[in-house]
Colleague: 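I'd like to ask some things about the structure below.
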Number of protein chains: 2
Amino acid sequence: MAKVTLKSLAKGLNMSVSTVSKALNDSYEISEETKSKVKAYATAHNYQPNIIAQTLKTGKTNTIGVIIPKMSSPFESQIIEGIQEAATKENFRVVIMNSMENEAMEKSNISSMVAKGVDGILFCPIHEHSNINLVKQISENTPFVIFDRTNYAIDTHKIGVLNTEGTHAACQHLFDMGHRKVAILGGAHQGITADRVAGYKQAHKEADIPVQEEYIIYLNVKSVAELHEGLSRNIQKLRNLPEPPTAVVGISDTITTHSLGILSQLGIKVPQEIAVIGFANTDLAFSLNPSLSTIYQPAKDIGAISFAKVLDILNKKYRNQIEWEDIKLPTTIQLRESTKINL
Amino acid sequence: MAKVTLKSLAKGLNMSVSTVSKALNDSYEISEETKSKVKAYATAHNYQPNIIAQTLKTGKTNTIGVIIPKMSSPFESQIIEGIQEAATKENFRVVIMNSMENEAMEKSNISSMVAKGVDGILFCPIHEHSNINLVKQISENTPFVIFDRTNYAIDTHKIGVLNTEGTHAACQHLFDMGHRKVAILGGAHQGITADRVAGYKQAHKEADIPVQEEYIIYLNVKSVAELHEGLSRNIQKLRNLPEPPTAVVGISDTITTHSLGILSQLGIKVPQEIAVIGFANTDLAFSLNPSLSTIYQPAKDIGAISFAKVLDILNKKYRNQIEWEDIKLPTTIQLRESTKINL
DNA sequence: TTGTAGGCGTTATCAT
DNA sequence: ATGATAACGCCTACAA
């Protein structure tokens, strides 16, 4: 079956290419009669416009790119799901690239996306300065929206969560359960860590509990192996303190869930010897033993809203007048077994 | 900064567009001297060929599509990671769409991909007949490669794992540990279930242990909620049998990990009261308590090989002469706490 | 209301 | 060895 183009339709209908084109695009210049005739004929022949040609002509690709540092935890999968659902509805396609927490890779991702053509980019940067000049430059033409790691110094829409409030609420809960010695496990060089530690400190201040600096741990999260080693070492260090913590807050999906594994490996009972709570979006929170108390992020919403926002920018004629939003969605605390014991 | 095209380069160099194009494409018709001059000038001006135009001209998109029923478990993330890595190396881009285990969505995914232009499609079908006629028809022009759920009746390359051998080995291990009453938890209407149950039966036959049909459970896996309900109900049913099983084999990531959660919720001790092993690719196998014995699939390889195979097809001139391969990669068993007790 | 012609950026064919 | 020209499929002034 030869491919059906505007030209072939035009020939079949004995009309000109432009008439057919205009009819299909509902141009006001075309009579209703011809329109319906053309449309009927087109569907009968299963006409599919060539999007490549459309793109070349209009400069619009109807594609948005997503650059994300990793895809391994459910948090990211859920964000992507949200993006895809929203994009599909608007007839956009989604190109995902993985920067693998590597700045050079991130750079090549960005360049490749621009080269191959995307209308906009949803971007979760490696860290707060990564490729900032490149992004600033490109964002003059191609709109960027920053998600998740929103402490990134470009003027645009940003969609993340109330990180400070999340850890604040977790600490508050631990305090309510009688804990006074609470450690926090963060990722080194992760932008979100700062905000989440801030919530931790603030909660302590409000509850009039002094912050012990040695309770604040920064872990290398580049690889699972390094994380394991670091977690194992630091948890033992915490346990050997004159005043070992009775509870611990994890700052990300990976850190929180893996802590639970390390604790079990070390034979430390949760929640009897130490309570655990942390950011985590995994469906497995329930399946862990003990089931894990979590700070849950509305990941799907982050994705959906990010897409909506980039579309907003694309639909604006004059981009220099947009008021940039820094959206912070609330987290929710889900209490399970791992924090169940009242001291 | 105005955009730099062949035309603008040509003007700057005082040459014709075609000379510049040929020089950049290393045509034998162009002298080395001009080539180097052109190339230097092009890089100096940061020339990036317009891929859209290239595509329109050549009909090649350098894009491959991936259609996958879900992205929620690590198994899928790892496959996608493998695809993306391989594709990036070959300068291909990857478009991922999620069929959400829904046949209508799958259909729209396929159509949309074809419409928007991909050179080939990596396809994990919902089930063995889903959209088979559509796929057969489209695959005349756009090559398909089937991955993971390879029991799908089209002639093409297929990449999966040795499902039968996987469960066979798991059962064998359980038998070695002294178990004789082994249940298996599969997904209803999942193609892979059949093969994996076959391995279960075969292992029983070889070990001369009769297969008890009531030990073979088919679960509704459409949603986490339904899975939970089904698992909870069936596990209790198994426990109430005159001869309750002492071990259970899970047939997928989700089923296996969630069983562990349900068992803990029901207060059933693993591995003391029941041993658990199953297909699972999660990094959390270790973090679970008890740590989970798993049948691990080389998911990243599945992805990488699938991409390589579709590239193979694209590079062949005469596709009707290709000998289709049905590649089955071996799984590996990782033994941990959840099967540790010797009966 | 319809048709003609030109162009988006590239590649390929054919002259020079 | 280089250049002119047409074409990929579509859109859109502009002309009729």
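Heavy-atom basis, side chains included; hydrogens, waters and symmetry copies ignored. Letters go in sequence order (proteins before strands), and every chain restarts at 1. Just so we're clear, the structure is a prediction, and the values are computed from it rather than from any experiment.
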Colleague: Taking the nucleotide of DNA chain D with the closest heavy atom to each, which residue, B/T19 or A/P49, is nearer the 5' end?
Modeller: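 Mapping each residue to its closest nucleotide by heavy atoms, the 5'-most match is B/T19.
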Colleague: Which part of the nucleic acid, if any, lies within contact of B/S31, taking any heavy atom under 4.0 Å across all strands shown: a base, the sugar-phosphate backbone alone, or nothing?
Modeller: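 The residue B/S31 makes sugar-phosphate contact but no base contact.
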Colleague: What's the NZ-P distance between A/K22 and D/dT12, to the nearest Å?
Modeller: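 Distance, rounded to whole Å: 10 Å.
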Colleague: Just checking, is any N or O donor in the side chain of B/S31 or B/T34 under 3.5 Å from an acceptor N or O on the other one?
Modeller: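 Looking only at side-chain atoms, B/T34 and B/S31 do form a donor-acceptor pair, the distance falling under 3.5 Å.
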Colleague: Think A/N25 has a side-chain N or O under 4.0 angstrom from the OP1 or OP2 of D/dC11?
Modeller: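 Yes, such a contact exists.
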Colleague: Kindly state whether the ring of A/Y41 and the ring of A/Y47 have centres lying under 6.0 angstrom apart.
Modeller: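 No: the rings miss the under 6.0 Å criterion.
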Colleague: Within the 4.0 Å heavy-atom criterion, would you say B/T34 contacts the bases, only the backbone, or no part of the nucleic acid?
Modeller: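 The answer is sugar-phosphate, as B/T34 gets under 4.0 Å only of primed atoms, P, OP1 or OP2.
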Colleague: How many whole angstroms separate atom NZ of B/K35 from atom C1' of D/dA1?
Modeller: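 Interatomic distance, NZ of B/K35 to C1' of D/dA1: 11 Å.
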Colleague: In whole Å, what is the span from the CG atom of B/L24 to the C1' atom of C/dG9?
Modeller: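 For the pair B/L24 CG and C/dG9 C1', the rounded distance is 13 Å.
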Colleague: What I want to check is whether an N or O donor and acceptor connect the side chain of B/K57 with the base of C/dT10 at under 3.5 Å.
Modeller: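 Checked by distance alone, the answer is no.
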Colleague: For C/dG9, does OP1 or OP2 lie under 4.0 Å from any side-chain N or O of B/Q54?
Modeller: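 So the side-chain polar atoms of B/Q54 never come under 4.0 Å of the phosphate oxygens OP1 or OP2 of C/dG9.
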Colleague: Please pick, from C/dT2, C/dC8, C/dT11, the nucleotide with the shortest atom-to-atom distance to any side-chain atom of A/E29.
Modeller: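 Of the options given, the side chain of A/E29 lies nearest C/dT2.
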Colleague: To the nearest 10 degrees, what angle separates the axes at the start and end of the helix from C/dT1-D/dA16 to C/dT16-D/dA1, five pairs each?
Modeller: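 For the helix from C/dT1-D/dA16 to C/dT16-D/dA1, the axes at either end differ by 50°.
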Colleague: Categorize A/L6 for me: base, sugar-phosphate, or nothing, with a 4.0 angstrom heavy-atom threshold over every strand shown.
Modeller: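 If one applies the 4.0 Å heavy-atom cut-off, A/L6 turns out to touch the sugar-phosphate alone, with no base involved.
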Colleague: Is a donor from one side chain sitting under 3.5 angstrom from an acceptor on the other, for B/E103 and B/S130?
Modeller: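 No pair is found: no donor N or O on one side chain lies under 3.5 Å from an acceptor on the other.
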Colleague: Return no unless some side-chain N or O of B/Y47 is found under 4.0 Å from OP1 or OP2 of C/dT10.
Modeller: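 Yes, because at least one side-chain N or O of B/Y47 sits under 4.0 Å from OP1 or OP2 of C/dT10.
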Colleague: Starting the side chain at C-beta, find the nucleotide from C/dT4, C/dC8, C/dT2 nearest to A/S16.
Modeller: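 Selected nucleotide (nearest to the side chain): C/dT4.
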Colleague: Do side-chain atoms of A/H157 reach the backbone of A/E325 as a donor and acceptor pair under 3.5 angstrom?
Modeller: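 Checked: pair present.
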Colleague: Counting only side-chain heavy atoms from C-beta out, which of C/dT2, D/dG3, D/dT2 sits nearest to B/S18?
Modeller: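 Among the listed nucleotides, the one closest to the side chain of B/S18 is D/dG3.
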Colleague: Check every atom of D/dT2, C/dT10, D/dC8 against the side chain of B/V17 and return the nucleotide holding the closest atom.
Modeller: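 In terms of side-chain proximity for B/V17, the closest of D/dT2, C/dT10, D/dC8 is C/dT10.
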Colleague: With a 4.0 Å cutoff (strictly under), does any side-chain N or O of B/Y28 reach OP1 or OP2 of D/dT2?
Modeller: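 The answer is no; no side-chain N or O of B/Y28 sits under 4.0 Å from OP1 or OP2.
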